[in-house]
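Each remark here refers to the structure printed beneath this line.
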Amino acid sequence: MTTVAIVGCTHAGTFAATSILAEHPDWTVHVFERNGTLSFLSCGIALWVGDHVSDPKKMFYSSPEALAEAGATMHMRTDVTSIDVAAKTLTYRPVDAIGVGVGDSAGEERTLHFDKLVVTTGSRPVVPPIPGIDSPHVLLCKNWDHAIAIKEKAKEAKSAVVIGSGYIGAEIAEQFSLTGVKTTLVDGLDRPLANNFDKQITDQVAAAFEEHGVTLALGQKVTAFRDNDDDTVTVVTEKGEYTAEMAILAVGFLPNTDLLKGQVDMLPNGAIVVDDYMRASVPDVYACGDSATVFYNPTGKHDYIPLATNAVRQGLLVGRNIAEPTVKYLGTQATSAVQLYDLSLAASGLTAAGAERRGLTVRETELTEDYRPDFMLTTTPVTSILTWDPETREVKGGQFCSKADISGAANVISMAIQARFTIDQLANVDFLFQPNFDKPVYYVGAVAMKAAAEA
Ligand SMILES: Cc1cc2nc3c(=O)[nH]c(=O)nc-3n(C[C@H](O)[C@H](O)[C@H](O)COP(=O)(O)OP(=O)(O)OC[C@H]3O[C@@H](n4cnc5c(N)ncnc54)[C@H](O)[C@@H]3O)c2cc1C
(Lines give C-alpha, C1' and ligand atoms only; values in the text may rest on other atoms or scores of the structure.)
Protein backbone atom coordinates (compact mmCIF):
# COMPACT_ATOMS: atom_id res chain seq x y z
CA MET A 1 0.00 0.00 0.00
CA THR A 2 1.47 3.37 -1.04
CA THR A 3 1.27 6.24 1.44
CA VAL A 4 1.27 9.79 0.07
CA ALA A 5 1.71 12.95 2.14
CA ILE A 6 0.33 16.19 0.67
CA VAL A 7 1.53 19.27 2.52
CA GLY A 8 -0.72 22.30 2.07
CA CYS A 9 -4.21 22.33 0.65
CA THR A 10 -5.47 25.31 -1.28
CA HIS A 11 -5.59 24.84 -5.06
CA ALA A 12 -2.54 22.70 -5.84
CA GLY A 13 -3.18 20.50 -2.80
CA THR A 14 -6.89 20.08 -3.47
CA PHE A 15 -6.36 19.15 -7.13
CA ALA A 16 -3.39 16.89 -6.31
CA ALA A 17 -5.43 15.05 -3.65
CA THR A 18 -8.48 14.53 -5.87
CA SER A 19 -6.43 13.46 -8.88
CA ILE A 20 -4.26 11.04 -6.88
CA LEU A 21 -7.34 9.47 -5.28
CA ALA A 22 -9.08 9.23 -8.66
CA GLU A 23 -6.09 7.42 -10.18
CA HIS A 24 -5.21 5.34 -7.11
CA PRO A 25 -8.28 4.79 -4.94
CA ASP A 26 -6.45 2.13 -2.91
CA TRP A 27 -3.58 4.44 -1.85
CA THR A 28 -3.45 6.13 1.56
CA VAL A 29 -3.39 9.89 1.03
CA HIS A 30 -2.69 12.12 4.04
CA VAL A 31 -3.49 15.83 3.56
CA PHE A 32 -2.02 18.40 5.96
CA GLU A 33 -3.36 21.96 6.04
CA ARG A 34 -2.67 24.55 8.69
CA ASN A 35 -5.86 26.49 8.04
CA GLY A 36 -9.35 25.33 8.93
CA THR A 37 -10.54 25.66 5.34
CA LEU A 38 -9.24 24.59 1.95
CA SER A 39 -9.63 25.60 -1.69
CA PHE A 40 -10.16 29.31 -0.91
CA LEU A 41 -10.38 31.46 -4.06
CA SER A 42 -8.41 34.53 -3.00
CA CYS A 43 -9.35 36.13 -6.32
CA GLY A 44 -12.70 36.81 -4.63
CA ILE A 45 -11.29 38.95 -1.80
CA ALA A 46 -11.52 42.33 -3.56
CA LEU A 47 -14.92 41.41 -5.02
CA TRP A 48 -16.19 40.50 -1.53
CA VAL A 49 -14.88 43.79 -0.11
CA GLY A 50 -16.91 45.56 -2.81
CA ASP A 51 -20.04 43.46 -2.08
CA HIS A 52 -19.95 41.67 -5.43
CA VAL A 53 -19.99 38.18 -3.92
CA SER A 54 -23.33 36.39 -3.54
CA ASP A 55 -22.16 34.28 -0.60
CA PRO A 56 -18.58 34.17 0.76
CA LYS A 57 -18.96 30.42 1.43
CA LYS A 58 -19.08 30.02 -2.36
CA MET A 59 -15.47 31.23 -2.53
CA PHE A 60 -14.56 27.64 -1.54
CA TYR A 61 -15.10 24.91 -4.13
CA SER A 62 -14.13 21.97 -1.91
CA SER A 63 -14.03 21.10 1.78
CA PRO A 64 -12.24 18.80 4.22
CA GLU A 65 -15.40 16.67 4.24
CA ALA A 66 -15.42 16.36 0.42
CA LEU A 67 -11.79 15.24 0.33
CA ALA A 68 -12.38 12.81 3.21
CA GLU A 69 -15.36 11.46 1.28
CA ALA A 70 -13.05 10.97 -1.73
CA GLY A 71 -10.81 8.87 0.51
CA ALA A 72 -8.21 11.28 1.93
CA THR A 73 -7.06 11.23 5.55
CA MET A 74 -7.46 14.87 6.50
CA HIS A 75 -5.31 16.72 9.04
CA MET A 76 -6.83 20.20 9.14
CA ARG A 77 -5.45 23.01 11.28
CA THR A 78 -2.26 20.98 11.35
CA ASP A 79 1.20 22.32 10.71
CA VAL A 80 3.84 20.18 9.10
CA THR A 81 6.84 21.17 11.19
CA SER A 82 9.67 19.29 9.46
CA ILE A 83 10.29 17.09 6.46
CA ASP A 84 13.16 14.65 6.03
CA VAL A 85 13.17 13.79 2.35
CA ALA A 86 15.95 11.18 2.63
CA ALA A 87 14.27 9.34 5.53
CA LYS A 88 10.82 9.83 3.94
CA THR A 89 9.33 11.15 7.15
CA LEU A 90 7.59 14.32 8.25
CA THR A 91 6.52 15.65 11.62
CA TYR A 92 3.26 17.46 12.19
CA ARG A 93 1.40 19.13 15.01
CA PRO A 94 -2.21 20.32 15.27
CA VAL A 95 -2.18 24.10 15.64
CA ASP A 96 -4.94 24.00 18.25
CA ALA A 97 -7.38 21.64 19.93
CA ILE A 98 -9.93 21.94 17.10
CA GLY A 99 -7.36 20.88 14.59
CA VAL A 100 -7.09 17.19 15.18
CA GLY A 101 -7.08 14.83 12.28
CA VAL A 102 -7.72 11.12 12.36
CA GLY A 103 -5.58 9.64 15.14
CA ASP A 104 -4.06 12.95 16.27
CA SER A 105 -4.37 14.40 19.72
CA ALA A 106 -4.31 18.14 20.35
CA GLY A 107 -0.89 19.75 20.35
CA GLU A 108 1.12 16.55 20.16
CA GLU A 109 3.85 16.28 17.54
CA ARG A 110 3.68 13.09 15.52
CA THR A 111 5.69 11.53 12.71
CA LEU A 112 4.42 10.08 9.44
CA HIS A 113 6.40 7.84 7.14
CA PHE A 114 5.49 8.40 3.49
CA ASP A 115 6.36 6.67 0.24
CA LYS A 116 5.67 9.78 -1.84
CA LEU A 117 5.61 13.46 -0.90
CA VAL A 118 3.62 16.19 -2.66
CA VAL A 119 4.69 19.71 -1.71
CA THR A 120 1.81 22.15 -2.15
CA THR A 121 2.81 24.64 0.54
CA GLY A 122 2.20 27.54 -1.88
CA SER A 123 3.44 31.04 -1.28
CA ARG A 124 3.46 33.71 1.40
CA PRO A 125 3.10 37.45 0.97
CA VAL A 126 6.39 39.35 0.86
CA VAL A 127 6.74 41.38 4.08
CA PRO A 128 9.79 43.63 3.66
CA PRO A 129 11.76 44.56 6.80
CA ILE A 130 10.39 48.13 6.96
CA PRO A 131 10.24 49.84 10.38
CA GLY A 132 6.72 49.71 11.83
CA ILE A 133 5.43 47.10 9.36
CA ASP A 134 4.05 45.01 12.24
CA SER A 135 1.44 47.73 12.89
CA PRO A 136 -2.02 46.25 13.59
CA HIS A 137 -3.33 48.56 10.84
CA VAL A 138 -1.20 46.88 8.17
CA LEU A 139 -3.08 43.94 6.66
CA LEU A 140 -2.05 41.24 4.21
CA CYS A 141 -4.23 39.95 1.38
CA LYS A 142 -3.80 36.26 0.66
CA ASN A 143 -5.96 33.79 2.58
CA TRP A 144 -9.44 33.51 4.11
CA ASP A 145 -8.31 34.92 7.49
CA HIS A 146 -6.86 37.96 5.70
CA ALA A 147 -10.09 38.33 3.72
CA ILE A 148 -12.16 38.41 6.92
CA ALA A 149 -9.81 40.97 8.52
CA ILE A 150 -9.95 43.27 5.47
CA LYS A 151 -13.72 42.93 5.14
CA GLU A 152 -14.23 43.74 8.85
CA LYS A 153 -11.91 46.73 8.78
CA ALA A 154 -13.37 48.02 5.49
CA LYS A 155 -16.87 48.15 7.04
CA GLU A 156 -15.81 51.09 9.24
CA ALA A 157 -12.74 52.55 7.55
CA LYS A 158 -13.05 55.77 5.58
CA SER A 159 -9.48 55.72 4.29
CA ALA A 160 -6.93 53.18 3.09
CA VAL A 161 -3.43 53.06 1.68
CA VAL A 162 -2.75 50.15 -0.65
CA ILE A 163 0.91 49.31 -1.11
CA GLY A 164 1.68 47.51 -4.35
CA SER A 165 -0.06 48.21 -7.63
CA GLY A 166 0.08 44.75 -9.15
CA TYR A 167 -3.17 42.89 -9.84
CA ILE A 168 -4.00 42.36 -6.16
CA GLY A 169 -3.29 45.89 -4.97
CA ALA A 170 -5.00 47.42 -8.00
CA GLU A 171 -8.16 45.32 -7.51
CA ILE A 172 -8.46 46.13 -3.82
CA ALA A 173 -7.78 49.85 -4.40
CA GLU A 174 -10.50 49.84 -7.07
CA GLN A 175 -13.05 48.25 -4.73
CA PHE A 176 -12.16 50.58 -1.84
CA SER A 177 -12.65 53.61 -4.09
CA LEU A 178 -16.00 52.27 -5.31
CA THR A 179 -17.22 51.81 -1.73
CA GLY A 180 -16.37 55.37 -0.71
CA VAL A 181 -13.06 54.68 1.01
CA LYS A 182 -10.52 57.46 0.37
CA THR A 183 -7.76 55.44 -1.26
CA THR A 184 -4.08 55.99 -1.95
CA LEU A 185 -2.20 53.51 -4.14
CA VAL A 186 1.55 53.43 -3.52
CA ASP A 187 4.16 51.70 -5.64
CA GLY A 188 7.92 51.90 -6.15
CA LEU A 189 7.37 51.67 -9.92
CA ASP A 190 6.06 54.67 -11.80
CA ARG A 191 2.99 53.01 -13.37
CA PRO A 192 0.16 50.89 -11.98
CA LEU A 193 0.30 47.26 -13.21
CA ALA A 194 3.77 48.06 -14.58
CA ASN A 195 4.81 44.40 -14.44
CA ASN A 196 1.74 43.29 -16.40
CA PHE A 197 1.10 45.88 -19.12
CA ASP A 198 2.91 48.47 -21.25
CA LYS A 199 2.54 52.22 -20.77
CA GLN A 200 -0.08 52.66 -23.54
CA ILE A 201 -2.36 50.51 -21.41
CA THR A 202 -1.30 51.50 -17.90
CA ASP A 203 -1.91 55.17 -18.81
CA GLN A 204 -5.58 54.21 -19.27
CA VAL A 205 -5.54 52.44 -15.89
CA ALA A 206 -3.93 55.45 -14.16
CA ALA A 207 -6.59 57.73 -15.68
CA ALA A 208 -9.36 55.42 -14.45
CA PHE A 209 -7.95 55.43 -10.91
CA GLU A 210 -7.69 59.23 -10.91
CA GLU A 211 -11.25 59.61 -12.27
CA HIS A 212 -12.42 57.58 -9.28
CA GLY A 213 -10.53 59.70 -6.78
CA VAL A 214 -7.66 57.32 -6.06
CA THR A 215 -4.44 59.16 -5.19
CA LEU A 216 -1.62 57.56 -7.14
CA ALA A 217 1.61 57.74 -5.15
CA LEU A 218 3.85 56.05 -7.69
CA GLY A 219 7.62 55.93 -8.13
CA GLN A 220 8.14 55.93 -4.37
CA LYS A 221 9.15 53.16 -2.01
CA VAL A 222 7.73 52.85 1.50
CA THR A 223 10.37 53.58 4.16
CA ALA A 224 8.34 53.33 7.39
CA PHE A 225 4.93 52.82 9.00
CA ARG A 226 3.97 54.97 11.99
CA ASP A 227 0.98 54.23 14.24
CA ASN A 228 -0.90 57.31 15.41
CA ASP A 229 -2.91 57.90 18.62
CA ASP A 230 -6.15 58.30 16.64
CA ASP A 231 -6.07 54.67 15.46
CA THR A 232 -4.57 55.46 12.08
CA VAL A 233 -1.32 54.52 10.43
CA THR A 234 0.96 56.80 8.45
CA VAL A 235 2.73 55.23 5.50
CA VAL A 236 5.99 57.09 4.98
CA THR A 237 7.53 56.93 1.51
CA GLU A 238 10.58 58.46 -0.16
CA LYS A 239 8.33 61.26 -1.42
CA GLY A 240 5.50 61.76 1.06
CA GLU A 241 3.37 60.61 3.98
CA TYR A 242 -0.11 59.06 3.64
CA THR A 243 -2.31 58.54 6.70
CA ALA A 244 -5.26 56.17 6.74
CA GLU A 245 -7.24 53.83 8.96
CA MET A 246 -5.74 50.79 7.26
CA ALA A 247 -2.93 49.85 4.96
CA ILE A 248 -2.97 46.78 2.72
CA LEU A 249 0.40 45.30 1.82
CA ALA A 250 0.39 43.58 -1.60
CA VAL A 251 3.97 43.64 -2.85
CA GLY A 252 4.38 40.10 -4.12
CA PHE A 253 4.78 36.51 -3.05
CA LEU A 254 7.58 34.11 -2.21
CA PRO A 255 7.48 30.31 -2.31
CA ASN A 256 6.76 28.76 1.10
CA THR A 257 9.43 26.09 0.90
CA ASP A 258 11.68 26.51 3.96
CA LEU A 259 10.84 22.93 5.03
CA LEU A 260 12.60 21.60 1.93
CA LYS A 261 15.59 23.96 1.90
CA GLY A 262 18.81 22.13 1.04
CA GLN A 263 16.94 18.90 0.25
CA VAL A 264 15.70 19.53 -3.31
CA ASP A 265 16.82 21.84 -6.12
CA MET A 266 15.30 25.32 -5.96
CA LEU A 267 15.47 28.62 -7.83
CA PRO A 268 17.27 31.36 -5.83
CA ASN A 269 13.87 32.57 -4.54
CA GLY A 270 13.06 29.11 -3.10
CA ALA A 271 10.72 27.78 -5.81
CA ILE A 272 11.12 24.00 -6.08
CA VAL A 273 12.35 23.10 -9.55
CA VAL A 274 10.07 20.51 -11.13
CA ASP A 275 10.30 18.67 -14.43
CA ASP A 276 7.54 18.06 -17.00
CA TYR A 277 5.96 15.47 -14.70
CA MET A 278 5.99 17.63 -11.53
CA ARG A 279 8.95 15.67 -10.12
CA ALA A 280 11.40 17.51 -7.90
CA SER A 281 15.12 16.70 -8.08
CA VAL A 282 14.77 13.84 -5.55
CA PRO A 283 12.83 10.63 -6.35
CA ASP A 284 9.28 10.38 -4.97
CA VAL A 285 9.08 14.12 -4.24
CA TYR A 286 6.57 16.15 -6.29
CA ALA A 287 5.76 19.84 -6.10
CA CYS A 288 3.16 22.01 -7.76
CA GLY A 289 1.48 25.41 -7.56
CA ASP A 290 3.00 28.46 -5.90
CA SER A 291 5.72 26.39 -4.16
CA ALA A 292 7.09 25.19 -7.52
CA THR A 293 8.55 26.50 -10.74
CA VAL A 294 6.60 26.69 -13.96
CA PHE A 295 7.95 26.12 -17.43
CA TYR A 296 7.48 29.50 -19.08
CA ASN A 297 6.94 28.88 -22.80
CA PRO A 298 7.78 32.41 -24.05
CA THR A 299 11.35 31.96 -22.78
CA GLY A 300 11.62 28.17 -22.71
CA LYS A 301 12.89 28.34 -19.13
CA HIS A 302 11.82 27.56 -15.58
CA ASP A 303 10.31 30.62 -13.94
CA TYR A 304 8.34 31.62 -10.86
CA ILE A 305 4.80 32.75 -11.77
CA PRO A 306 2.35 32.18 -8.91
CA LEU A 307 -1.13 31.83 -10.41
CA ALA A 308 -4.09 29.61 -9.57
CA THR A 309 -4.21 28.56 -13.23
CA ASN A 310 -0.79 26.90 -12.84
CA ALA A 311 -1.59 25.46 -9.40
CA VAL A 312 -4.72 23.72 -10.70
CA ARG A 313 -3.15 22.29 -13.86
CA GLN A 314 0.01 21.18 -12.09
CA GLY A 315 -2.02 19.66 -9.22
CA LEU A 316 -4.02 17.58 -11.69
CA LEU A 317 -0.81 16.36 -13.33
CA VAL A 318 0.54 15.03 -10.03
CA GLY A 319 -2.25 12.46 -9.94
CA ARG A 320 -1.53 11.38 -13.52
CA ASN A 321 2.22 11.11 -12.99
CA ILE A 322 2.77 10.01 -9.40
CA ALA A 323 2.98 6.30 -10.21
CA GLU A 324 4.97 6.79 -13.40
CA PRO A 325 5.59 9.66 -15.82
CA THR A 326 2.54 9.65 -18.10
CA VAL A 327 1.17 13.08 -19.03
CA LYS A 328 3.56 15.93 -19.82
CA TYR A 329 3.04 19.47 -18.54
CA LEU A 330 2.48 21.91 -21.42
CA GLY A 331 3.97 24.89 -19.57
CA THR A 332 2.44 28.29 -19.12
CA GLN A 333 2.20 31.71 -20.72
CA ALA A 334 1.01 33.29 -17.41
CA THR A 335 -2.25 34.23 -19.05
CA SER A 336 -4.21 36.55 -16.77
CA ALA A 337 -6.82 39.27 -16.64
CA VAL A 338 -8.22 41.96 -14.40
CA GLN A 339 -11.26 44.23 -14.47
CA LEU A 340 -10.75 47.77 -13.13
CA TYR A 341 -13.85 49.99 -13.22
CA ASP A 342 -15.15 49.67 -16.78
CA LEU A 343 -11.77 48.61 -18.20
CA SER A 344 -11.07 44.97 -19.02
CA LEU A 345 -7.40 44.10 -19.17
CA ALA A 346 -5.97 40.76 -20.24
CA ALA A 347 -2.52 39.53 -21.18
CA SER A 348 -0.53 36.45 -22.04
CA GLY A 349 3.22 35.98 -22.33
CA LEU A 350 5.89 38.66 -22.40
CA THR A 351 5.56 42.42 -22.29
CA ALA A 352 8.48 44.58 -23.47
CA ALA A 353 9.50 45.19 -19.83
CA GLY A 354 9.17 41.48 -18.99
CA ALA A 355 11.39 40.60 -21.95
CA GLU A 356 13.98 43.20 -20.94
CA ARG A 357 14.06 41.87 -17.35
CA ARG A 358 14.87 38.44 -18.81
CA GLY A 359 17.50 39.79 -21.22
CA LEU A 360 15.45 39.08 -24.35
CA THR A 361 15.02 41.19 -27.46
CA VAL A 362 11.46 41.54 -28.69
CA ARG A 363 9.49 43.86 -30.92
CA GLU A 364 6.05 45.18 -30.22
CA THR A 365 3.19 46.21 -32.49
CA GLU A 366 0.31 48.28 -31.19
CA LEU A 367 -3.10 48.75 -32.75
CA THR A 368 -6.03 50.68 -31.33
CA GLU A 369 -9.32 50.31 -33.16
CA ASP A 370 -12.99 49.68 -32.40
CA TYR A 371 -13.76 46.09 -31.60
CA ARG A 372 -16.88 45.96 -33.80
CA PRO A 373 -18.22 47.93 -36.80
CA ASP A 374 -19.18 51.60 -36.51
CA PHE A 375 -22.68 50.84 -37.87
CA MET A 376 -23.53 49.16 -34.58
CA LEU A 377 -25.32 51.46 -32.13
CA THR A 378 -22.37 51.18 -29.76
CA THR A 379 -18.78 50.20 -30.11
CA THR A 380 -15.60 51.00 -28.23
CA PRO A 381 -11.84 50.91 -28.89
CA VAL A 382 -9.52 48.04 -28.00
CA THR A 383 -5.82 48.63 -27.45
CA SER A 384 -3.95 45.54 -28.66
CA ILE A 385 -0.20 45.09 -28.23
CA LEU A 386 1.52 42.09 -29.78
CA THR A 387 5.02 41.10 -28.63
CA TRP A 388 7.08 39.03 -31.02
CA ASP A 389 10.59 37.75 -31.65
CA PRO A 390 12.19 39.76 -34.50
CA GLU A 391 14.42 36.83 -35.48
CA THR A 392 12.00 33.91 -35.52
CA ARG A 393 8.80 36.03 -35.89
CA GLU A 394 7.27 33.86 -33.12
CA VAL A 395 4.49 35.36 -31.02
CA LYS A 396 5.81 36.01 -27.50
CA GLY A 397 3.00 37.95 -25.84
CA GLY A 398 -0.15 39.97 -26.19
CA GLN A 399 -1.94 42.60 -24.12
CA PHE A 400 -5.45 43.95 -24.52
CA CYS A 401 -7.38 46.76 -22.87
CA SER A 402 -10.91 47.90 -23.61
CA LYS A 403 -14.33 48.64 -22.20
CA ALA A 404 -15.43 45.59 -24.20
CA ASP A 405 -14.73 42.08 -22.92
CA ILE A 406 -11.35 41.21 -24.40
CA SER A 407 -10.50 38.27 -22.13
CA GLY A 408 -10.84 35.74 -24.98
CA ALA A 409 -8.15 37.56 -26.96
CA ALA A 410 -5.53 36.79 -24.28
CA ASN A 411 -6.52 33.11 -24.48
CA VAL A 412 -5.98 33.20 -28.25
CA ILE A 413 -2.49 34.64 -27.71
CA SER A 414 -1.82 31.99 -25.08
CA MET A 415 -2.53 29.24 -27.61
CA ALA A 416 -0.47 31.01 -30.27
CA ILE A 417 2.56 31.17 -27.94
CA GLN A 418 2.13 27.58 -26.81
CA ALA A 419 1.84 26.37 -30.40
CA ARG A 420 4.87 28.54 -31.33
CA PHE A 421 2.87 30.40 -33.96
CA THR A 422 4.59 33.12 -35.95
CA ILE A 423 2.94 36.53 -36.41
CA ASP A 424 2.31 35.46 -40.03
CA GLN A 425 0.39 32.35 -38.95
CA LEU A 426 -1.60 34.32 -36.36
CA ALA A 427 -2.50 36.84 -39.07
CA ASN A 428 -4.05 34.03 -41.13
CA VAL A 429 -6.08 32.21 -38.49
CA ASP A 430 -9.76 31.61 -39.30
CA PHE A 431 -11.36 33.90 -36.69
CA LEU A 432 -15.13 34.39 -36.67
CA PHE A 433 -16.78 37.59 -37.88
CA GLN A 434 -20.19 38.69 -36.70
CA PRO A 435 -20.98 42.38 -36.06
CA ASN A 436 -22.18 41.82 -32.51
CA PHE A 437 -18.74 40.54 -31.61
CA ASP A 438 -16.06 41.90 -33.93
CA LYS A 439 -15.15 43.41 -37.29
CA PRO A 440 -14.47 41.49 -40.54
CA VAL A 441 -10.90 41.32 -39.30
CA TYR A 442 -10.84 40.37 -35.59
CA TYR A 443 -8.54 42.74 -33.69
CA VAL A 444 -6.17 39.88 -32.77
CA GLY A 445 -5.76 39.05 -36.45
CA ALA A 446 -5.48 42.75 -37.27
CA VAL A 447 -2.62 43.42 -34.88
CA ALA A 448 -0.84 40.30 -36.18
CA MET A 449 -1.28 41.56 -39.78
CA LYS A 450 0.16 44.92 -38.77
CA ALA A 451 3.14 43.19 -37.10
CA ALA A 452 3.74 41.03 -40.17
CA ALA A 453 3.68 44.14 -42.38
CA GLU A 454 6.17 45.92 -40.09
CA ALA A 455 8.57 42.97 -39.83
C1 LIG B 1 -5.82 38.36 -3.66
C2 LIG B 1 -5.38 37.35 -4.66
C3 LIG B 1 -6.01 37.27 -5.90
C4 LIG B 1 -5.61 36.33 -6.83
N5 LIG B 1 -6.26 36.27 -8.04
C6 LIG B 1 -5.90 35.33 -8.94
C7 LIG B 1 -6.60 35.20 -10.18
O8 LIG B 1 -7.56 35.95 -10.45
N9 LIG B 1 -6.19 34.26 -11.05
C10 LIG B 1 -5.16 33.40 -10.78
O11 LIG B 1 -4.84 32.54 -11.61
N12 LIG B 1 -4.47 33.49 -9.60
C13 LIG B 1 -4.83 34.42 -8.69
N14 LIG B 1 -4.15 34.51 -7.49
C15 LIG B 1 -3.04 33.59 -7.22
C16 LIG B 1 -3.54 32.27 -6.62
O17 LIG B 1 -4.38 32.52 -5.53
C18 LIG B 1 -2.39 31.40 -6.20
O19 LIG B 1 -1.57 31.18 -7.31
C20 LIG B 1 -2.89 30.08 -5.65
O21 LIG B 1 -3.53 30.28 -4.43
C22 LIG B 1 -1.76 29.08 -5.46
O23 LIG B 1 -2.31 27.93 -4.94
P24 LIG B 1 -1.39 26.91 -4.14
O25 LIG B 1 -2.30 25.82 -3.68
O26 LIG B 1 -0.20 26.52 -4.92
O27 LIG B 1 -0.79 27.74 -2.92
P28 LIG B 1 -1.45 28.57 -1.75
O29 LIG B 1 -2.73 29.16 -2.16
O30 LIG B 1 -0.38 29.48 -1.25
O31 LIG B 1 -1.78 27.47 -0.65
C32 LIG B 1 -0.78 26.81 0.08
C33 LIG B 1 -1.43 26.14 1.28
O34 LIG B 1 -0.43 25.44 2.01
C35 LIG B 1 -0.66 25.59 3.42
N36 LIG B 1 0.61 25.37 4.10
C37 LIG B 1 1.78 26.02 3.86
N38 LIG B 1 2.75 25.52 4.67
C39 LIG B 1 2.17 24.56 5.43
C40 LIG B 1 2.66 23.70 6.45
N41 LIG B 1 3.93 23.71 6.83
N42 LIG B 1 1.79 22.83 7.04
C43 LIG B 1 0.48 22.80 6.65
N44 LIG B 1 -0.02 23.59 5.68
C45 LIG B 1 0.82 24.46 5.08
C46 LIG B 1 -1.19 27.03 3.52
O47 LIG B 1 -1.92 27.21 4.71
C48 LIG B 1 -2.04 27.14 2.26
O49 LIG B 1 -3.38 26.77 2.48
C50 LIG B 1 -4.54 35.45 -6.53
C51 LIG B 1 -3.89 35.53 -5.30
C52 LIG B 1 -4.31 36.46 -4.36
C53 LIG B 1 -3.61 36.52 -3.04
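Order of listing sets the numbers, starting from 1, for every ligand and every atom in it.
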Ligand-residue contact atoms, ligand 1 with [X], heavy atoms, under 4.0 Å:
| X | result |
| --- | --- |
| N256 | 37 (C), 38 (N) |
| T121 | 32 (C), 34 (O), 37 (C), 38 (N), 39 (C) |
| I168 | 1 (C), 2 (C), 3 (C), 51 (C), 52 (C), 53 (C) |
| G289 | 26 (O) |
| A12 | 24 (P), 25 (O), 26 (O) |
| T120 | 32 (C), 33 (C), 34 (O) |
| L259 | 41 (N) |
| S123 | 30 (O) |

| task | Check whether any protein heavy atom sits under 4.0 Å from atom 38 (N) of ligand 1. | result | yes
Got a salt bridge between [X] and [Y], using NZ or NE/NH1/NH2 to carboxylate O under 4.0 Å?
| X | Y | value |
| --- | --- | --- |
| D203 | R191 | no |
| K403 | D342 | yes |
| K155 | E152 | yes |
| D115 | K88 | no |
| K142 | D290 | yes |

| Between D275 (side chain) and Y277 (backbone), is there a donor-acceptor pair under 3.5 Å? |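 Answer holds: yes.
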Before signing off on this row, confirm whether [X] and ligand 1 have an N or O atom pair separated by under 3.5 Å.
| X | answer |
| --- | --- |
| V7 | no |
| S291 | no |
| E171 | no |

What protein heavy atom sits nearest [atom], and how far away is it?
| atom | answer |
| --- | --- |
| atom 18 (C) of ligand 1 | D290 OD2, 3.3 Å |
| atom 35 (C) of ligand 1 | E33 OE1, 3.2 Å |
| atom 9 (N) of ligand 1 | L307 CD2, 4.4 Å |
| atom 13 (C) of ligand 1 | A308 N, 4.2 Å |
| atom 31 (O) of ligand 1 | T10 OG1, 3.0 Å |

| said: Against ligand 1, does T78 come closer than 4.0 Å with any heavy atom? | reply: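 Checking ligand 1 against T78, which is what was asked, there is a heavy-atom contact under 4.0 Å.
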| task | Using non-hydrogen atoms of the residue, decide whether F253 is closer than 4.0 angstrom to ligand 1. | result |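 F253: in contact with ligand 1 (<4.0 Å).
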| query | Between Y371 and Y443, does the ring centroid distance fall short of 6.0 Å? | reply |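 They do not qualify: ring centres at least 6.0 Å apart.
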| request: Give me the one residue out of W144, W48, Y61 that meets ring-ring contact (aromatic ring centres under 6.0 Å, His included) with F40. | output: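 Among W144, W48, Y61, the one meeting ring-ring contact (aromatic ring centres under 6.0 Å, His included) with F40 is W144.
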| task | Nearest 0.5 Å please: distance from the OG1 atom of T18 over to the CG atom of L21. | result |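 It comes to 7.5 Å.
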| A311, portion touching ligand 1 at heavy-atom distance under 4.0 Å |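 Contact part for A311 vs ligand 1: side chain (C-beta onward).
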| note | Here the pair of heavy atoms bringing T326 nearest to R320 is OG1-O, 3.3 Å
| query | Where is the tightest heavy-atom contact between G166 and D187, given as atom of each residue plus distance? | reply | N-OD2, 4.3 Å
| field | D51 and K151: CA distance, side-chain angles, deciding distance, salt bridge (charged side-chain N to carboxylate O under 4.0 Å, His left out) verdict | value | CA-CA 10 Å; D51 287 333; K151 180 79 178 166; 2.7 Å; yes
